[in-house]
Structures are given as structure tokens and as C-alpha cells.
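Just below is one structure, and these are the notes that go with it.
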Number of protein chains: 2
Amino acid sequence: MTARTPDSARDIPEATVARLPVYLRALTSFAEEGTTTCSSEELAVSAGVNSAKLRKDLSYLGSYGTRGVGYDVEYLRYQIAREIGVTHDWPVVIVGIGNLGHALANYSGFRSRGFRVVALLDADPTRKDEVVAGLDVRSFEDIESIVAEHAVSIGVIATPAIAAQAVADRMVANGITSILNFAPTVLSVPDGVGVRKVDLSIELQILAYHEQRKSIAPASEDAS
Amino acid sequence: MTARTPDSARDIPEATVARLPVYLRALTSFAEEGTTTCSSEELAVSAGVNSAKLRKDLSYLGSYGTRGVGYDVEYLRYQIAREIGVTHDWPVVIVGIGNLGHALANYSGFRSRGFRVVALLDADPTRKDEVVAGLDVRSFEDIESIVAEHAVSIGVIATPAIAAQAVADRMVANGITSILNFAPTVLSVPDGVGVRKVDLSIELQILAYHEQRKSIAPASEDAS
DNA sequence: TAGATTGTTAATCGATTAACAATC
DNA sequence: TAGATTGTTAATCGATTAACAATC
């Protein structure tokens, strides 16, 4: 009981989970360049973290390196992909096909990184019959049959803020258990449903805060 | 020297800084609804955090509430806006006017939350003379004059990954000191330049990780 | 064997939370 | 005065980091 869990299903800290995709991407770059082996230092530089943190993170997955040698790029890449769960594609629906929904539907990075957009939904009936990124824009009312047909568990909300909660409720009612929310609003969902938020203005405001402080700050680090 | 810094320029933890924009948004909602006063509990619910964390966060800014009563919505809203630095608009340039750049250029939330898009730049000469969101798409070569003319310190990168580092270098060379990066790549910038990254695939992969574990996890919390 | 690099330990740092004295 | 709610304290929790023993 107190021995380390031997195989999978260990408990990985949230901060580590958030970095695994970054490592995965760096390893994919290495593989594309033909690099077959790398050290924790090289991988760390490529991922923009320090190597102690990288090794600590990887240690939660298991022992996939070789002391004195480093990591096999392809092997580690696969192990991380497996841990994240992107060795097969996840079907995804996007709701809200405005400017942002358009951009998301056309984003090729989803496909290459473990996701497949299976449907585009919009509540506005005038948008129906539009074709975006090779997919028909369908009525939001079709969500039930689409989620059932494709066994969708991940939904993306790209609607105006005012509509987002209702969309989330409807997603959850139809069995979606993970939501990526681009609408600038706080969603409330039942326990067990995962939500991540991408908020463009908030990111800019965080930059603005630091930007503002640059002009105020005493020049204490100024070595000139 | 050991007394609390009396006025502004206190040291606010990063985690708090990242939440201030969320509080600001919640307060703006309250104001629009005509709510003039709120308690930490009400504001916390609206922002999706617990009230202890909210009060702790606000305590870094100062004492803007009244014990036994709560907060004046408009007053607190102004204090937070001032702390973030969005009592006046920040000029912003967007580089890379593909699908995502289009969406960002048209995003009305920037304008209402402290930012003004002053120029859209793209390296592709065939995109010049296009008008997006009421702005001419201009050559990336114009960045120097535009940054100088509008005193731009914040840049948004919405180019393909392959171009992003060169764009960032050029931004930094021209005096931009804060970058919001949508390209799926790690940027390296000099000390003193702030970078925030928004990575759509990474957000989905984090959701996928948790989604995957739901099917694997032992039903230890299952009370049925 | 000597050199290199991992995986792990332990110390440190920062963030969260509950509880409550202060005070309206 | 009694009730309400803030602002702060202190305990806890989680994340980071440097250092190094293990081991290729």
C-alpha cells in the first residue's frame, strides 16, 4: 500500500500536468529535426524551464531516461503522449462560430495534437448551411445527437459571454465532461466536469499590470 | 523601512495579479446591473473563487472595504482598474493577420477592457490593402514607425510558430516590452520583457489528461 | 575507471485556507 | 448593543530549486 504505484494512474501535480504538453511539443520538434537523444538540460532549454523542474516533472511519470546518457526522444515523446492521453484523437465540438469559432475550426494544430473537430454548432439559424473548415455549421439543437454519435466528451465554447452558461449547461446535460471556455465569463458546472478558461483580455491586463510597474519601479536593478 | 509601503507600488503576488482582472470583470457586471455594494462573499461567488482568497487578494491593494458593510462596487472597481493600469487605454499592435489575427482584431473586448488596437501587421504582401476591423493591414516592415508613433509597448503575435521568434525579436528591438504570444512556440526574450502565452492545444491537452483519468480512476468517491 | 547525467531528497519559497479579532 | 463583514494571522498545502547519490 505504501509502495509506489507501479504502473499508471499515479497522482501528478497540476503544475506538472500543465507542462507535459510543452515537453511533448519540444520532443516533437526534436524528432522532426532528426534528433534521437537529448539530455534533460537540452529538453529544458527547448521547453523554457530549468532542468531540475523538468526532471522532477518527468519523475512523476516514471523512469524513462538513462543516467549518463539522457532520454530517447521518440520513447519519451510516446510516454508523455500516453500519459496525457493523446495517443488517439479526441472528438471535439465547437459551439459559437463567430470570428473566434472560425479561427478555432481552421486551426490545424488541434488535429496534429490529438483532437478532431467533429462538429461546429451555432444558435444563429442564418449561419446554418455555411461551411467552415470543411464542416457544415449545424444548429445548436443538434448537440444531443452529435455528442452521442461521436462520443464527444470535450466541448469548446466560443460564444458571446451572455450565451456561455446556457451552452455549458446543455453540454453537461448531454454528457460532455470537459469544457474549454473562450467566453469572458465564469462558468458554473457540476463537480467532475473540467473547465479551462482562455481569456484574451485577462492575459493583456496581466501584461499591462507589469508594464505599468516598469515605469513606476525604482531603478534598483539598474547596473549602468 | 520595515513599515508597510504606504501608497502604491507594493509587491503583489503573481497569483493575485492574475485574479485581479477577474474581480474587475465581476465588479463591472455588478455595476451594469445597478448593484452599488457587495460583500466579499458575493464578489467571490461571481468571480469563481472563495471569499478568503478574495479578501486576501484585495488586502494587497489596500483597505477598500468597510467592515460590517462590504465594498462599494464603483470605488473598488476603480481601485482595481488603477492597480492593473487600465484606467487609460494601452495601444496594441497585432502581428499575423490569419484566421486568429482576424478574430483578435475584431474582438470588441479589448477595447472595453483597456486596450486599443492601433495597427495590424502581416509579412505577407498579398494581404496588404486588406481592411480588417476598420484598419488597413500594413507591412511588418512598418513596425518601427508604428511603435514609435503610437508609443506601443504591448504586441500580440498571431503568426505561425515558425515566424514567431523573429517577430518577437523585431518587436523587442523596436521597444515593445510586453508580448502576448498565440504561436505554439517558446519565445526567448531579454530580461525585462514580459511574455504571456496562450496555447489552444495545450489547454485541450490538459483537459484530455483529466478526461482520460476519469475512465481509469477507481470509483473511490462513488457514493452510489 | 572517469565522465556524464538521471532520479530523488530535502530545503525553501509561494499560495491557499480557516479562523477570528477588529470594527463598522 | 447586536449583527455583519472586513482585513489579518498563522497553519497548511503545493511548487520550485539546488544538490548529490545512483548509475549508465
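Everything numeric here is computed off the predicted structure, so don't read it as measured data. Naming: A, B, ... by sequence-line order, numbering from 1 per chain.
- For B/R19, taking side-chain heavy atoms from C-beta onward, the closest of the listed nucleotides D/dC24, C/dT16, D/dA19 is C/dT16.
- Of the candidates A/D199, A/I202, A/L200, A/D199 is the only one forming a side-chain contact (heavy atoms from CB on, under 4.5 Å) with A/P184.
- Using a 4.0 Å cut-off, no side-chain N or O of A/T66 falls inside it from OP1 or OP2 of D/dC24.
- Within the structure, a side-chain polar atom (N or O) of B/S63 is placed less than 4.0 Å from OP1 or OP2 of D/dG7.
- Using a 4.5 Å cut-off on side-chain heavy atoms (C-beta onward), A/V86 and B/L204 make no contact.
- For the OP1/OP2 pair of C/dT5 and a distance below 4.0 Å, the side-chain nitrogens and oxygens of A/S40 include no atom meeting the criterion.
- Using a 4.0 Å heavy-atom distance criterion, A/E41 is classed as making no nucleic acid contact.
- For a distance-only test at 3.5 Å, the side chain of B/R67 fails to qualify as a donor-acceptor partner of the base of D/dT5.
- Using cut-offs of 30° and 60° for the angle between ring planes, the A/W90 and A/H88 rings count as tilted.
- Taking a pair to require two hydrogen-bonding distances under 3.5 Å in either a Watson-Crick or a G-U wobble arrangement, C/dC20 pairs with D/dG7.
- Nearest to the side chain of A/K53, among C/dT8, C/dT17, D/dT16, sits D/dT16.
- Set against C/dT16, D/dT6, C/dT8, the side chain of B/A15 has C/dT16 as its closest nucleotide.
- Both tests do not hold together for B/R116 against B/F110: distance to the six-membered ring centre under 6.0 Å, angle to the ring axis within 45°.
- Mapping A/K56 and A/G70 onto DNA chain C via the closest heavy atom, the residue that lands nearer the 5' end is A/G70.
- In this structure D/dG14 sits in a base pair with C/dC13, meeting the Watson-Crick or G-U test at under 3.5 Å.
- Contact annotation: A/Y60 side-chain N/O to D/dA15 OP1/OP2 distance is not under 4.0 Å.
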